Amino acid sequence: MADNGYISKKQFIEELRRYQKGSVTRRHFLGVTGLGAATAVLGAAMPALRPSSAFAQGIGDRVVLATWPNYHDTANFDAFTDATGAFVQVNVFGSNEEMLAKLQAGGSGWDVFVPTNYTITTYVAEDLIEPLDVSKLSNYDAGAFDPRFADAGTVDGTLYAVPKNWGTTGFAVNTSHDGGKALTTWKDFFDRTMDDFSGRTMVHDYQLTTIGNALKYFGYSFNSVDPKELADAEKLLIEAKPHLFAISSDYQPAMRSGDAWLTMCWTGDGKQMNSDIPEIHYVLGREGGEIWSDYYAIPKGAPHREAAYALINHMLDPQVNAREVLAHGYPVADSRTNALLPPEILNDPILYPAQELLDALEFGAAATLTDPNRAELLARFKSA
Amino acid sequence: MTRRERNWLLVAPAGAWFLVMLVLPLSFVFVFSFGERGPAGGYVPAFTLEQYANLPARWTAFKNTMVLAPLGTLAALLIAYPLAYQLAVRTDPRWKTLLLVLVIVPFWTSILIRSYAWIFILGGQGIPALLAALGIEDVRLIYTPFAVTVGIVYGYLPLMVFPIYVALDRLDKRLLEASSDLGARPFATFWQVTLPLSVPGVATGCMLVFILLMGEFLIPALLGGGKVFFVGNALVDLFLQSRNWAFGSAVAFTLILIMLVTVAIYMRLIARLQVRRDDVAIM
Amino acid sequence: MSKTFGDVEAARDLDLRISPGEFLSFLGPSGCGKTTALRMLAGFEAPTRGDVLIDGQVVNQLEPHRRPVNMVFQSYALFPHLSVADNIGYGLRQRRPRLARSVIADKVERALETVRLSGFGKRRVWEMSGGQQQRVALARAIVNEPKLLLLDEPLAALDRKLRKEMQIELQDLQRQLGITFVLVTHDQEEALSLSDRICVMRAGRIVQVGSPQELYDCPASRYVADFVGNSNFFEGRIEEVDGALARLVTGGGQTLAGRASPGLAAGRDGCLSIRPEQIRIGSEPGPGCIEVTVQNRIFLGEHTEYLVRHGGLGNIIVLAPRQAEIGARGFEAGARAFLNWSDEAALILNPD
Ligand SMILES: Nc1ncnc2c1ncn2[C@@H]1O[C@H](COP(=O)(O)OP(=O)(O)OP(=O)(O)O)[C@@H](O)[C@H]1O
Ligand SMILES: [Mg+2]
């Protein structure tokens with residue numbers, strides 16, 4: 001509150017954002033419930049009321065974006081609409097599998113989508129993704145991107161996707177309940193779940209991370225599809241299940257309310273919870289785990305292809321991108337954007353963990369995503 | 001137009017609806033269930049019984065559904081019956097409409113939002129916090145089978161209340177007087193007249209709730225914390241996560257078969273209990 | 001006692017004593033409160049004012065299932081989910097201590113015989129005709145041998161022949177069982193032939209109670225005279241009341257004599273009632289005869305009904321027994337005829 005007694009616009013926006021963070025996580029409840037296809041329309045203004053510059057540029061009146069919840073600064077969409085006349089219709093999704101399922105089924109109507117690194121080769125193999133024409137992306141400067149988070153966008157020498165954000169998968173722990181003994185490893189995560197965190201732990205409703213992190217308990221690869229190693233992970237998960245509070249990727253509300261004390265967690269959620277409740281720490285298991293990066297891409301048959309290029313180009317503008325980071329708390333791989341970010345962000349150990357922790361992390365593999373055995377394992381775990 | 005042609009014309013919309021919305025999708029499901037999953041998911045044509053051989057992998061999901069669906073139906077019945085009875089028999093006709101509307105009002109909000117409300121009510125800061133204030137510590141409600149049952153009963157209550165209400169409302173009140181006149185105490189009248197005559201309503205309500213519960217996935221996902229796994233949840237995962245359309249189709253088709261068989265057995269039982277042929281299910 | 005529904009006064013100041021073993025009928029037009037009166041006796045309605053007594057006990061607060069009273073409902077109210085036999089045995093099954101199954105079965109069998117439905121026990125009630133259903137309803141009530149049996153138009157759905165048979169059956173039953181019967185009907189013939197006493201009602205009130213003959217011969221008002229049997233009415237001014245006899249001058253200047261009903265006063269408006277069967281019709285003039293023109297003749301089997309017209313009195317209905325016409329061919333429309341009746345047969349009433 002300002003001294004004069006009313007709330008400033010900036011404060012208001014901050015409050016609003018905090019509220020949004022509390023109610024929506026990256027793997028939003030829509031994902032959990034299978035209603036991922038539910039459509040939220042942002043930039044609510046009627047297209048007809050928009051300036052007609054869109055016609056001048058010939059990109060049409062709209063662009064449909066399939067992305068993750070709470071992963072954008074809506075002001076950036078408004079600016080895009082003001083500049084081009086095309087309004088941004090946003091569909092939010094719960095998982096990469098779900099995005100893939102929707103594209104496989106056909107008729108998605110999307111213009112831009114946000115796949116994670118390990119899915120792109122599958123999209124290419126299934127012929128669901130459009131090669132990008134770099135000449136239409138003037139803000140894309142390949143040299144500015146850390147190759148670790150940009151490489152997956154290129155398959156067999158063709159550019160299919162440009163980097164959006166990257167992040168890690170660790171766990172969040174409410175340290176007021178750890179009895180002074182900090183949790184630092186995935187072994188701690190599962191052992192303490194079956195001990196002093198019993199009934200208070202959440203794991204993702206997502207085979208990639210839940211199985212991957214259980215594999216790390218034994219020191220196996222996050223991406224393992226080895227039957228024996230998977231059997232060990234399954235045994236651990238089923239043993240831990242009676243001690244779980246929930247199997248859900250919508251963990252922020254329960255962590256914030258105090259019902260849950262420990263959860264698998266993605267960077268941005270960890271940052272958001274930690275900002276509001278400092279006792280909640282974000283930890284990367286010392287054994288390793290997942291590092292990932294998301295990309296912008298255009299699906300085959302996008303109905304508003306020009307608008308899709310225009311939107312991606314707009315989002316790649318370092319000014320725009322910097323505003324995105326401030327809104328959602330996920331790091332970017334673009335050095336031009338980082339140059340615009342304040343030092344608190346760049347030095348934040350949640351966004352930019354220590355190098356030795358980062359070194360232990362693995363990128364998810366395409367085979368991990370599509371492996372039928374892992375999917376079956378998760379089903380057995382959930383129904384056990 | 002002959003009478004016959006007119007009759008055909010009258011059933012044409014329903015027939016078309018059935019064809020497009022029921023027969024066609026079911027045929028797809030049936031055909032897919034003999035196929036295989038592609039390397040990246042989806043469906044690859046084949047003729048194999050492998051998917052059906054795999055069904056035991058979802059045995060727990062079937063078991064949970066077959067246990068919780070009847071239990072949820074029963075719980076909904078036990079709560080809905082007294083409510084419907086009160087509305088139909090005891091309430092001044094002037095208030096009936098208003099109270100009936102109140103029963104459906106929750107239906108005007110998405111089940112998603114209502115289930116979220118239950119997450120807060122049953123969550124640590126809801127009822128357990130109240131109980132803790134009364135000295136009863138450590139009560140866990142949310143993400144338990146109990147929470148799922150509460151959600152189910154809450155969500156499906158109107159579907160149960162309405163048919164029972166209709167049956168009780170149609171019941172000739174003079175029959176109750178006749179029973180009383182013949183020396184039956186109020187409870188005996190209820191047991192020997194009211195209850196048997198409301199059987200069609202009870203049957204319809206149970207059927208509606210039971211069938212919908214067999215396919216339920218939202219409430220277990222939201223209020224069961226992912227730990228209470230119904231066939232519906234297995235299907236969501238198979239189609240939206242692992243994209244195993246072939247196996248998903250086999251599971252779906254099996255579920256449909258189980259539903260049909262259960263419903264048929266149930267119809268038999270009810271028909272035996274059924275009192276008036278012209279009353280048979282208002283469905 | 002009285003009963004009001006909102007602002008409808010369905011029954012008003014009903015004061016009636018029914019003796020044990022009596023056969024009493026409520027007679028009145030539709031909506032006059034007959035059913036309401038019965039329902040108060042059965043206990044379905046509490047009197048708004050006044051008391052219901054059974055055997056000297058005030059039973060206002062006693063619920064229907066505790067009253068030694070059974071009712072045969074106007075709409076039968078049979079249980080659709082039970083067989084005929086189970087419907088009839090329903091009351092017996094409510095008894096505590098319980099009756100043995102065989103006892104119940106016996107009583108049900110006998111009740112079925114009484115209403116001539118032996119062999120129908122296993123039927124469903126909706127498989128029965130309206131008349132059969134009515135008899136099931138009757139059996140369901142009498143099988144309990146109540147102190148008081150209330151019958152709300154129990155024979156209305158029967159054909160004439162069956163109705164006659166059932167009326168006799170009812171009467172026999174009542175004598176046999178010694179049960180007090182209260183019958184509601186708007187069939188005056190039924191009331192007249194069955195009842196020990198009839199209670200005539202009008203708009204919620206009792207207008208006269210008496211034996212069938214009292215009501216027929218000495219109706220207390222024009223309403224009763226009109227409702228119980230048929231009558232010709234001539235209106236006029238009462239000229240003179242002389243003990244049991246009175247004289248009345250009609251608007252047309254005719255002076256007529258008749259028995260005086262109680263409470264007549266000279267100089268007031270009055271009304272003379274003469275039953276059609278009390279009028280003799282003939283072709284020859286005689287002392288005291290009035291001359292009329294025959295308008296219409298209706299052949300009724302054992303009687304012939306004539307509608308005749310008199311210059312001063314207007315239309316008159318005459319019922320002539322057939323034996324009076326044997327040989328003669330009766331009167332054709334347009335024929336001249338002469339009427340006469342004895343003064344004792346006519347009754348002079350207040351015109352209410
Ligand atoms: N529950 C009720 N609420 C309001 N008015 C009623 C109720 N029951 C009866 N009445 C009214 O009371 C009056 C008497 O009704 P009742 O049923 O006693 O008539 P009835 O003499 O039995 O007629 P009928 O020969 O047609 O059966 C009628 O005017 C009726 O409309
Ligand atoms: Mg009546």
Side-chain angles (χ1 to χ4, degrees), chain A residues 23 29-38 93-102 104-105 119 121-123 125-126 128 199-200 202-207 241-242 244-250 253-254 257-260 366-367 369-376 378-384, chain B residues 36-43 54 57-65 110-112 115-116 119-120 122-126 128-129 138 140-144 217-245 247-248 251:
Chain A
S23 58
F29 66 82
L30 292 176
V32 185
T33 59
L35 288 185
F93 275 79
S95 72
N96 276 297
E97 281 90 334
E98 222 179 294
M99 270 191 190
L100 175 55
K102 188 86 197 268
Q104 273 178 331
T119 63
T121 52
T122 305
Y123 286 121
E126 297 272 304
L128 294 169
R200 301 292 186 174
M202 295 177 75
V203 299
H204 292 165
D205 181 7
Y206 190 36
Q207 65 90 350
K241 189 179 175 191
L244 296 179
F245 176 66
I247 302 166
S248 167
S249 309
D250 183 24
S257 73
D259 281 342
L369 179 76
T370 54
D371 181 49
N373 293 329
R374 286 183 66 132
E376 282 303 291
L378 195 79
R380 285 196 296 274
F381 163 59
K382 282 167 75 178
S383 64
Chain B
E36 277 170 353
R37 179 189 194 264
Y43 164 73
N54 260 341
R58 292 295 181 281
W59 161 242
T60 327
F62 277 105
K63 196 186 70 189
N64 286 343
T65 306
S110 147
I111 179 75
L112 207 62
S115 297
Y116 255 73
I119 293 181
F120 291 112
L122 299 174
Q125 293 174 337
D138 273 342
R140 269 287 307 280
L141 297 177
I142 189 65
Y143 303 152
T144 59
F217 67 93
L218 199 64
I219 294 172
L222 288 175
L223 297 178
K227 295 186 296 175
V228 182
F229 201 65
F230 279 22
V231 179
N233 303 89
L235 286 172
V236 169
D237 280 4
L238 280 172
F239 281 99
L240 291 181
Q241 301 289 334
S242 46
R243 301 169 319 288
N244 193 339
W245 293 9
F247 187 35
V251 171

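Given the structure is predicted, the values throughout are model-derived calculations rather than measurements. Every chain is numbered from 1, with letters handed out A, B, ... down the list of sequences.
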Worksheet entry | Portion of B:Leu238 that has a non-hydrogen atom of chain A nearer than 4.5 angstrom |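 Only the side chain of B:Leu238 comes within 4.5 Å of chain A.
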
Worksheet item: Roughly how far, to the nearest 0.5 Å, is OG1 of B:Thr60 from CZ of A:Arg380?
Response: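 The distance works out to 10.5 Å.
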
Worksheet item: Are any of the side-chain heavy atoms of B:Asp237 and B:Phe229 separated by less than 4.5 Å?
Response: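 SC-SC contact between B:Asp237 and B:Phe229 confirmed.
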
Worksheet entry | For B:Phe230, the option from B:Thr65, B:Val236, B:Leu235 that meets side-chain contact (heavy atoms from CB on, under 4.5 Å) |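 With B:Phe230 as partner, side-chain contact (heavy atoms from CB on, under 4.5 Å) holds for just one option, B:Thr65.
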
Item to complete: Can you label the angle between the B:Phe239 ring and the B:Trp245 ring as parallel, tilted or perpendicular, going by 30° and 60°?
Response: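 Plane angle between 30° and 60°, so tilted.
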
Practice prompt. Would you mind checking which part of A:Leu378 comes under 4.5 Å of any heavy atom in chain B, side chain (CB onward), backbone (N, CA, C, O), both or neither?
Written response: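 Looking at A:Leu378, nothing touches chain B.
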
Practice prompt. Please look at B:Pro128 and chain A and tell me whether the side chain, the backbone, both or neither of the residue comes under 4.5 angstrom of a heavy atom of that chain.
Written response: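 Nothing of B:Pro128, per the 4.5 Å heavy-atom cut-off to chain A.
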
Worksheet item: By a 4.5 Å heavy-atom criterion (distance strictly below it), what part of A:Thr122 contacts chain B: side chain, backbone, both, or neither?
Response: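 Just its side chain gets close to chain B.
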
Discussion item. Shorter than 4.5 Å, heavy atoms on both sides: which option in A:Leu244, A:Leu369, A:Asp259 has the most such pairs with chain B?
Written reply: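 The option with the most such pairs is A:Asp259.
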
Fill in: Main-chain N/O of A:Gln104 paired to B:Arg243 side chain as donor or acceptor, under 3.5 Å
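Checking the backbone N and O of A:Gln104 against the side chain of B:Arg243, no donor-acceptor pair under 3.5 Å is found.
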
Worksheet item: By a 4.5 Å heavy-atom criterion (distance strictly below it), what part of A:Phe381 contacts chain B: side chain, backbone, both, or neither?
Response: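 Contact with chain B involves no heavy atom of A:Phe381 at all.
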
Practice prompt. Could you tell me the separation between the OG1 atom of B:Thr144 and the NZ atom of B:Lys227, rounded to the nearest 0.5 Å?
Written response: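 That separation rounds to 7.5 Å.
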
Discussion item. Looking at chain B, which one of A:Pro372, A:Ala367, A:Gly258 has the largest number of heavy-atom pairs inside 4.5 Å, strictly under?
Written reply: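 If we count pairs closer than 4.5 Å to chain B, A:Pro372 comes out on top.
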
